[in-house]
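All values reported here derive from a predicted model rather than from experimental measurement. In what follows, chains are A, B, ... by sequence order, proteins preceding strands, each numbered from 1.
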Amino acid sequence: MEYPFEKIERKWQTKWSEEKLFQAKTDKDKKKYYVLSMFPYSSGALHMGHVSNYSIADALTRYYLMKGFNVFQPMGYDSFGLPAENFAIVNNTHPQTATEDNIKIMRGQFDRVGFGFDWSKELSTSRPDYYRWNQWLFKRFYDKGLVVRKKAYLNWCEECQTVLANEQVEDGSCWRCDKQVVQKEMEQWFLKITDYAEELLDFSKVIDWPERVKTMQTNWIGKSVGTKIHFPVPDTDQVIKVFTTRPDTIFGCTYMALPPEHPLVVKWLEKDKDKPGYFNIKEFCEKTINTDRIERTSEDSPKEGVFSGHYCINPVNKEKIPIWITNYVLMDYGTGAVMAVPAHDHRDFAFARKYDLPMRIVIQNIEKDLDIRTMQEAYVDEGILVNSKQFDGMNSEASKKAITDRMEQEKTGEAAVTYKLRDWGVSRQRYWGTPIPIIKCDKCGTVLVPDEDLPVELPFEVEVGKTRQNPLTLAKEWLNVQCPSCGGDAKRETDTMDTFVDSSWYYARFIDTHNREEPFSKQKADYWLPVDQYIGGIEHACMHLMYARFFHKVLRDIGLLSSDEPFARLLTQGMVIKDGAKMSKSKGNVVEPLYMIDRFGADTCRVFMLFASPPDKDVDWNDEGIMGAFRFLNRLWRLVDSNADIIKQYAPKASEVPDNTLKDLRYSTHFTIKKVKEDIEERMQFNTAIAAIMEHLNNVTALKEPASLSENEKAVFSEACVVIPRILYFFAPHLAEELWEMCGNESMVHEAGFPEYCEKHIQKDTINYVIQIKGKVRGRITVPADTPDEEIKKQALEAENVGRYIEGKNVKKVVLVKGKLVSIVI
RNA sequence: GCGAAAGUGGUGAAAUGGCAGACACGCUGGAUUUAGGAUCCAGUGGGAGUAAUCCCGUGGGGGUUCAAGUCCCCCCUUUCGCACCA
């Protein structure tokens with residue numbers, strides 16, 4: 001009843017594996033196509049999102065394989081990280097054991113779906129032969145000055161007991177466990193991604209990335225161009241530098257705003273103990289620093305502050321202005337100081353009104369004169385300068401440059417650029433990650449582990465989860481080492497690397513997984529990279545994808561490869577949705593891929609996932625929907641199964657048959673080839689390609705009793721059937737191979753290549769024209785394809801049902817759209 | 001608040017400015033019996049009509065055009081991202 005998918009799928013999976021079909025070899029004479037799906041976390045189970053993602057990638061892999069490309073589609077596991085450690089704690093096992101077990105399970109599941117992965121290049125980031133190169137690269141970054149150790153206020157997750165990068169904080173909560181993140185001052189290792197901020201803004205070297213992702217990264221990097229202005233503190237050698245995008249408002253600056261973390265404020269807190277108001281200031285600073293970051297930086301939290309008792313000098317007019325300590329200035333943006341211009345900035349306005357600080361209008365609105373006494377809000381738009389001495393009368397735009405130029409001459413300021421992007425803190429206070437290859441020696445300070453001592457392996461014998469502490473700090477044998485420099489007693493760095501380091505260059509390791517001498521050979525990198533098509537979820541737009549671009553550029557700059565970008569084309573695939581929500585255990589709407597494969601086969605699952613919606617949109621899973629895909633494959637099976645003899649005998653003869661035999665079916669055959677090719681290559685839209693194949697199958701099965709056809713007709717029928725495996729291969733590869741064999745072929749489908757269509761079979765000799773009158777369809781005619789334009793128009797005017805609309809009316813114009821319609825204007 | 005994307009039948013969705021709803025699900029009626037989540041046939045946006053045919057219809061309102069789901073302007077809704085960024 002149902003086609004024997006289980007037997008078929010096992011048979012062809014074995015065959016592909018035996019033939020090493022997907023094992024890629026570096027071959028300069030062949031055009032390469034590197035397809036990569038974001039590798040999964042080693043959770044131990046594939047979910048529908050994976051099946052959807054990998055079905056897209058596999059379709060492309062097999063399509064380009066058929067087209068004769070040297071395709072490469074590797075797979076591996078992102079296997080370091082907190083969940084494994086937490087799992088191990090709960091289940092009283094070891095993260096390594098749990099991870100390796102999970103990988104075995106997942107590999108088994110992958111095999112069931114039959115994806116064309118090159119398993120000879122498999123990697124797993126938690127294995128020393130991978131993470132030793134994390135350490136090696138960390139050292140190269142260090143040598144280049146891209147690793148720094150800084151003290152900073154960092155996002156700390158109490159639940160996970162670790163620091164998080166800004167990118168890993170979502171709405172103030174940990175991206176892993178959802179617990180509120182707190183601020184904690186710590187010393188950390190940072191990678192200087194900000195050194196590459198400018199280049200990361202440049203997307204000219206990628207071929208095709210979604211605009212959305214480019215915009216998200218651009219906003220995240222947050223470049224702004226402005227001026228740095230120096231405000232000296234009288235009677236000291238202190239200078240407060242501020243960054244502003246509005247130097248045109250400098251004459252309106254009536255106070256200086258500093259955050260409590262500002263070094264000057266910290267200094268004052270130490271030495272001003274006897275000054276009046278000290279207690280107040282100290283209390284305010286402590287309260288503000290301890291306020292939750294989200295609460296403090298939320299736009300609608302009230303602006304508060306306290307006068308510091310100190311003043312500074314506005315360099316343009318030498319005015320003495322008070323310095324306020326405030327809760328609305330951030331230490332880690334710009335210079336950590338703001339020149340407050342209440343008349344022209346919303347925040348400063350609110351603050352000045354609250355504390356009754358002076359305001360001065362220096363930008364006049366061209367349309368409506370501003371008046372301090374009546375202003376309800378700051379005027380933040382640009383305008384004409386007033387109260388600005390020699391700059392009066394200039395417009396904002398011109399004055400920005402003029403004022404900055406003047407400051408540069410007087411050495412009181414300079415043009416400057418700042419970014420929102422912060423350096424990437426990579427230290428994690430947890431066990432299950434790459435050890436940072438650093439030794440701390442009391443005598444020599446920070447010493448790098450020599451290359452020949454890499455990898456620094458994670459000690460296996462640790463007490464994971466016994467305390468809240470990082471187990472590495474308790475692993476005495478591992479922790480205590482000799483300093484490589486002086487030979488004295490020293491200790492290892494116990495922080496491990498953020499797992500995003502692992503995924504920042506794995507696409508490059510894949511091309512040379514087993515290289516023991518270097519992370520990958522440059523020669524191979526220059527052939528295989530960049531990845532031609534990268535596929536994964538949008539959630540990585542500002543994290544993984546940006547880190548990987550950063551890494552790639554550094555790899556280039558240290559001479560390991562030559563390309564500028566890691567991923568030439570990026571597809572962000574949608575999520576799998578069920579009952580209006582993302583599948584998740586907590587919602588109880590999870591569909592297990594293995595259950596579906598058991599019931600309907602891997603091919604049906606793939607076809608359904610690809611058919612349900614275009615790849616970049618969410619897929620709506622519904623249990624009825626998959627039946628449609630299953631019925632389609634069954635109908636196809638029955639067609640070939642019951643006509644195999646005819647197809648075997650007559651398929652080779654199709655090209656010799658007169659063109660007019662079963663013309664419509666022939667048209668369907670060749671048109672479908674064209675449609676599938678264009679949908680994949682030009683639009684990467686698999687749902688319409690599959691719909692076209694379904695439609696073609698409907699056309700073929702509309703022909704009843706093929707056995708009673710004439711010889712020529714049998715040949716055309718056979719051609720129509722035998723083409724299907726070749727255009728279905730990348731969606732339902734197992735069934736396609738089987739059908740192809742049933743049709744009498746000994747080769748595998750990809751060897752036959754993607755079929756060519758014949759232009760002459762998709763030419764129609766009669767054409768249907770729609771006749772529109774005032775934009776509405778009022779009739780139709782069928783004319784021979786070679787009918788002259790004038791004749792078509794003439795016939796259109798005479799057509800049935802048209803007469804009653806144009807009778808007695810003046811026909812002003814007749815528009816002919818060749819091959820489509822005639823529009824009559826009356 | 002700022003920015004981006006989207007809004008089409010009962011459902012998932014199709015439509016280089018050119019017949020809106022391909023393909024599929026679901027549903028209705030019929031055939032068949034092997035009673036399976038089977039197969040086959042017919043129908044299926046709303047309304048009027050025996051029918052030919054006609055009217056209405058792509059979130060709402062304007063506009064451009066012989067012709068608009070598609071292009072332009074305004075508005076509404078939803079989703080996503082950013083959010084005191086000086």
Closest to side chain of A:R599, choosing from B:C84, B:A13, B:G37: B:G37

Gap between atoms CG and P, on A:D618 and B:U78 respectively (whole Å): 18 Å

Note: A:E304-A:K287 ion pair, threshold 4.0 Å (strictly below): yes

Options B:A15, B:C85, B:C84, nucleotide nearest the side-chain atoms of A:N327: B:C84

Separation between the P atoms of B:G3 and B:G17, rounded to whole Å: 27 Å

A:Q685 side chain near B:U16 phosphate (N/O to OP1/OP2, under 4.0 Å): no

Side-chain donor/acceptor contact of A:K812 with base of B:C66 under 3.5 Å: no

Nearest listed nucleotide, side chain of A:V825, among B:A13, B:C66, B:C85: B:C66

Nearest to side-chain heavy atoms of A:T244, which nucleotide of B:A86, B:U16, B:C66: B:A86

Rounded P spacing from B:G59 to B:U70 in Å: 8 Å

Pairing of A:D789 and A:K818 as salt bridge, 4.0 angstrom limit: yes

Base partner of B:C2, which must satisfy Watson-Crick or wobble distances under 3.5 Å: B:G81

Touch class at under 4.0 angstrom, heavy-atom based, for A:V770 against every strand present: base

Side-chain N,O (A:N801) to OP1/OP2 (B:C54) below 4.0 Å: yes

Touch class at under 4.0 angstrom, heavy-atom based, for A:R347 against every strand present: base

Side-chain ion pair, A:E261 and A:R296, N-O less than 4.0 Å: yes

Under 3.5 Å on both distances, the Watson-Crick or G-U partner of B:U34: none

A:E319 atom CD: more than 12 heavy-atom contacts under 6.0 Å: yes

Rounded P spacing from B:A51 to B:U58 in Å: 26 Å

Under-3.5 Å donor-acceptor pair between A:R780 side chain and B:C19 base: yes

Exceeds 12 heavy-atom contacts within 6.0 angstrom, atom NZ of A:K677: no

Phosphate OP1/OP2 of B:A15: any A:R683 side-chain N/O under 4.0 Å: yes

Given B:A86, B:A14, B:G12, the nucleotide with the shortest approach to the side chain of A:L330: B:A86

Atom pair distance, as rounded to whole Å: CG in A:N699 and P in B:A22: 15 Å

A:E539 CD to B:U79 P, straight-line distance once rounded to whole Å: 19 Å

Nearest-angstrom distance from the residue atom OH of A:Y3 to P of B:G36: 22 Å

Selection from B:G26, B:G3, B:C85 that lies nearest to any side-chain heavy atom of A:T215: B:G3

Sugar-phosphate, base or nothing in reach of A:N219, heavy atoms under 4.0 Å: nothing

Nearest-angstrom distance, P atom, B:C73 to B:G9: 25 Å

B:G7 versus B:A13 - spacing of their C1' atoms, nearest Å: 14 Å

For atom NZ of A:K675 and atom P of B:A14, their distance in whole Å: 10 Å

Nearest-nucleotide 5' precedence on RNA chain B, A:I773 against A:D620: A:D620

Under-4.0 Å side-chain N/O to phosphate OP1/OP2 contact, A:Y805 with B:C54: yes

B:C19 phosphate, OP1 or OP2, under 4.0 Å from A:R778 side-chain N/O: no

Distance below 4.0 Å between A:K617 side-chain N/O and B:A6 OP1 or OP2: no

Spacing between A:M627 atom CE and B:C27 atom P, to the nearest angstrom: 12 Å

Spacing between A:Y255 atom OH and B:A86 atom P, to the nearest angstrom: 16 Å

Any A:R638 side-chain N or O less than 4.0 Å from OP1/OP2 of B:A38: no

side-chain N/O A:N687 vs B:A14 OP1/OP2, d < 4.0 Å: yes

Nearest-nucleotide comparison on RNA chain B, the residue closer to the 5′ end among A:V815 and A:T335: A:V815

Interatomic distance at P, B:A5 relative to B:U53, whole Å: 43 Å

Candidate nucleotides B:G12, B:A22, B:C82, ranked by approach to the side chain of A:F611 - the nearest: B:G12

Euclidean distance, atom CE of residue A:M543 to atom C1' of B:C82 [Å, nearest integer]: 14 Å

Side chains of A:H230 and A:E414, donor plus acceptor under 3.5 Å: yes

N or O in side chain of A:K776 less than 4.0 angstrom from B:G57 OP1/OP2: no

Watson-Crick/G-U partner (both atom distances under 3.5 Å) of B:A42: B:U28

A:L570 side chain reached by A:P210 side chain, heavy atoms, under 4.5 Å: yes

Base orientation of B:G36, syn vs anti, 90° cut from 0: syn

Side-chain N,O (A:R631) to OP1/OP2 (B:G36) below 4.0 Å: no

Chi class for B:G29: syn within 90° of 0, otherwise anti: anti

Under-4.0 Å side-chain N/O to phosphate OP1/OP2 contact, A:N698 with B:A24: yes

Assigned partner base of B:C54, Watson-Crick or wobble definition, under 3.5 Å: B:G47

Sugar-phosphate only, base, or nothing, as touched by A:K214 at under 4.0 Å among non-hydrogen atoms: nothing

Test: A:R549 cationic atom under 6.0 Å from A:F203 six-membered ring centre, within 45° of axis: yes

Check: A:Y333/A:T418 side-chain N/O donor and acceptor closer than 3.5 Å: yes

Inter-nucleotide C1' distance (B:A68, B:G61), Å rounded: 15 Å

Sugar-phosphate, base or nothing in reach of A:R635, heavy atoms under 4.0 Å: sugar-phosphate

Sugar-phosphate, base or nothing in reach of A:V619, heavy atoms under 4.0 Å: nothing

B:A24 and B:A14, which share atom name C1', separated by this distance in whole Å: 11 Å

Any A:S224 side-chain N or O less than 4.0 Å from OP1/OP2 of B:A86: yes

Donor-acceptor pair (no angle test) under 3.5 Å: A:Q772 side chain, B:G18 base: yes

Within 6.0 Å of NZ in A:K354, more than 12 heavy atoms from elsewhere: yes

For B:A67, the Watson-Crick or wobble partner whose two distances fall under 3.5 Å: none

